[in-house]
Amino acid sequence: MDKGFVTTNGIRVFYASEGEGPLVLLCHGFPEAWFSWRHQLKPVADAGFRAVAIDLPGYGLSDKPDVAYDVIWLCDCLAGVVEGLGYERAVMVGHDWGGLLVWPFARLHPDKTAAVIGLNTPDLPRYPIPPTELFAQMGDTFQYILNFQERGAMEARFESDPKQFLTLFYLGAAVKKEVFGDDVVNRYLEYFAPRGALTPPLEYYRNMDRSWQLTEHIADVKVEVPALMISAAGDPVLTPAMTDGMEERVLDLERVVIDDCGHWTQQEQPEATTEHIVGFLEGLR
């Protein structure tokens with residue numbers, strides 16, 4: 001496995017890479033890191049691709065600048081990662097927050113997008129009102145996002161017992177809870193335990209309304225490249241039903257659902273996830 005940094009948009013982004021060939025860029029969610037794709041890197045590489053899993057800007061070993069972590073800035077960073085790795089375009093793969101980036105990325109940077117694979121996070125129509133206002137009307141499902149909005153409050157809660165915070169977060173959305181044993185939780189704890197390391201990831205949530213405002217101009221843009229949507233039957237937040245209607249916005253779409261799986265799809269069901277990803281990639285040839 002090759003590990004290193006690529007400079008993009010004025011920051012350094014950490015990556016772990018396997019293989020050679022067309023670029024498959026793997027973007028993780030919250031609270032995760034490149035490590036969440038550990039089961040997919042070698043199989044994707046063995047299929048004839050260069051599999052690159054990054055620490056998203058502000059996460060893990062990547063730089064943590066004091067900026068507004070809005071979707072425009074983040075997608076510009078991802079575009080620079082593609083270029084910095086020596087490619088013109090990539091298959092963009094995103095889980096959770098990574099999924100919230102790869103769908104707009106395909107609209108903001110179509111020339112750099114060969115295809116899109118979304119895990120759990122569907123391509124959703126533009127909300128009629130700012131996201132935090134909408135979530136406040138939706139009950140408990142997205143309450144955690146509202147809890148993240150006050151700067152300092154969630155950081156203090158995390159710092160009181162970092163391991164418990166992460167463990168409860170992982171187990172609460174998992175079906176196969178045994179995946180998050182001490183060894184895995186401790187690995188993630190290395191990324192988030194340093195003081196202040198949680199703040200940049202939380203800023204993704206705190207800039208959701210800003211991102212909503214900045215992306216009005218792409219609301220009606222269709223995603224025309226081939227796309228795969230992988231949902232998990234047991235995801236309590238990003239349910240398979242939320243993918244209904246995606247074909248209206250993503251014109252060349254394949255949808256699959258993985259059973260016996262919660263939110264952390266590529267970790268809870270690594271073999272099934274990898275099979276769907278590799279099958280889709282081989283179909284692109």
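The shown structure was predicted, so the numbers you read here are calculated from the model rather than taken from an experiment. Only heavy atoms go into these numbers, but all of them, side chains included; no hydrogens, no water, no symmetry mates.
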Can you tell whether the side chains of Asp183 and Arg187 come within less than 4.0 Å, N to carboxylate O?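 Here Asp183 does not pair with Arg187 in a salt bridge, since their nearest N and O are not under 4.0 Å apart.
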
What residues form a side chain to side chain donor-acceptor pair (under 3.5 Å) with [X], not counting sequence neighbours?
X: Asp63; result: none
X: Lys163; result: Asp182, Asn186
X: Trp34; result: Tyr191
X: Ser36; result: Gln266

Taking all non-hydrogen atoms of both residues, which atom of [X] and which atom of [Y] are closest, and how far apart?
X: Asp70; Y: Ser211; answer: CA-OG, 3.4 Å
X: Met92; Y: Val102; answer: CB-CG1, 3.8 Å
X: Ala68; Y: Arg210; answer: CB-NE, 3.6 Å
X: Thr8; Y: Cys77; answer: OG1-O, 2.7 Å
X: Arg206; Y: Gln149; answer: CA-OE1, 3.5 Å
X: Ala233; Y: Asp259; answer: CB-OD1, 3.7 Å

Among residues at least two apart in sequence or on other chains, which ones pass ring pair (Phe, Tyr, Trp, His ring centres under 6.0 Å) with [X]?
X: His276; result: none
X: Tyr144; result: Phe148
X: Trp212; result: none
X: Phe165; result: Phe158

Side-chain heavy atoms of [X] within contact of [Y], under 4.5 Å:
X: Tyr127; Y: Met208; value: no
X: Thr215; Y: Ile72; value: yes
X: Ile230; Y: Ile277; value: yes

Would you find more than 12 non-hydrogen atoms of other residues, nucleotides or ligands less than 6.0 Å from [X] atom [atom1]?
X: Asp220; atom1: CG; answer: no
X: Glu216; atom1: CD; answer: no
X: Asp66; atom1: CG; answer: no
X: Arg157; atom1: CZ; answer: no
X: Gln143; atom1: CD; answer: yes

Please check if the side chain of [X] supplies one atom and the backbone of [Y] the other of a donor-acceptor pair under 3.5 Å.
X: Arg12; Y: Phe5; value: no
X: Thr273; Y: Thr265; value: yes
X: Asp209; Y: Thr132; value: yes
X: Glu268; Y: Lys176; value: yes

Inter-residue atom distance [X].[atom1] - [Y].[atom2], 0.5 Å rounding:
X: Asp96; Y: Leu119; atom1: CG; atom2: CG; answer: 10.0 Å
X: Glu247; Y: Arg249; atom1: CD; atom2: CZ; answer: 9.0 Å
X: Leu101; Y: Leu56; atom1: CG; atom2: CG; answer: 6.0 Å

Steps toward salt bridge (charged side-chain N to carboxylate O under 4.0 Å, His left out) verdict (Arg255, Asp244): CA-CA 10 Å; Arg255 292 192 290 173; Asp244 291 349; 3.5 Å; yes

Run the numbers on Thr243 and Ser231 for side-chain contact (heavy atoms from CB on, under 4.5 Å), then give the verdict. CA-CA 8 Å; Thr243 69; Ser231 298; 3.4 Å; yes

Let me know which of Tyr204, Trp97, Tyr205 forms a ring-ring contact (aromatic ring centres under 6.0 Å, His included) with Phe30.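 For Phe30, the ring-ring contact (aromatic ring centres under 6.0 Å, His included) check succeeds only for Tyr205.
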
Which pairs pass ring pair (Phe, Tyr, Trp, His ring centres under 6.0 Å) with one or both residues in residues 244-264, sequence neighbours excluded?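 Qualifying pairs: His95-His263, Tyr170-Trp264, Phe180-Trp264.
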
When you check the side-chain N and O atoms of Asp55 and His28, is any donor under 3.5 Å from an acceptor?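 Not at all, the side chains of Asp55 and His28 share no donor-acceptor pair under 3.5 Å.
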
Just to verify, what does Glu190 make a salt bridge (Lys or Arg N to Asp or Glu O under 4.0 Å) with, not counting sequence neighbours?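 Expected list: none.
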
The criterion is salt bridge (Lys or Arg N to Asp or Glu O under 4.0 Å); which residues satisfy it with Arg89, sequence neighbours excluded?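 Counting only residues at least two positions away or on another chain, Arg89 forms no salt bridge (Lys or Arg N to Asp or Glu O under 4.0 Å).
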
Would you mind writing out the side-chain donor-acceptor pairs for residues 192-202 within the sub-3.5 Å range, not counting sequence neighbours?
from, atom 1, to, atom 2, distance (Å)
Arg195, NH1, Glu159, OE1, 2.9
Thr199, OG1, Glu155, OE2, 2.9

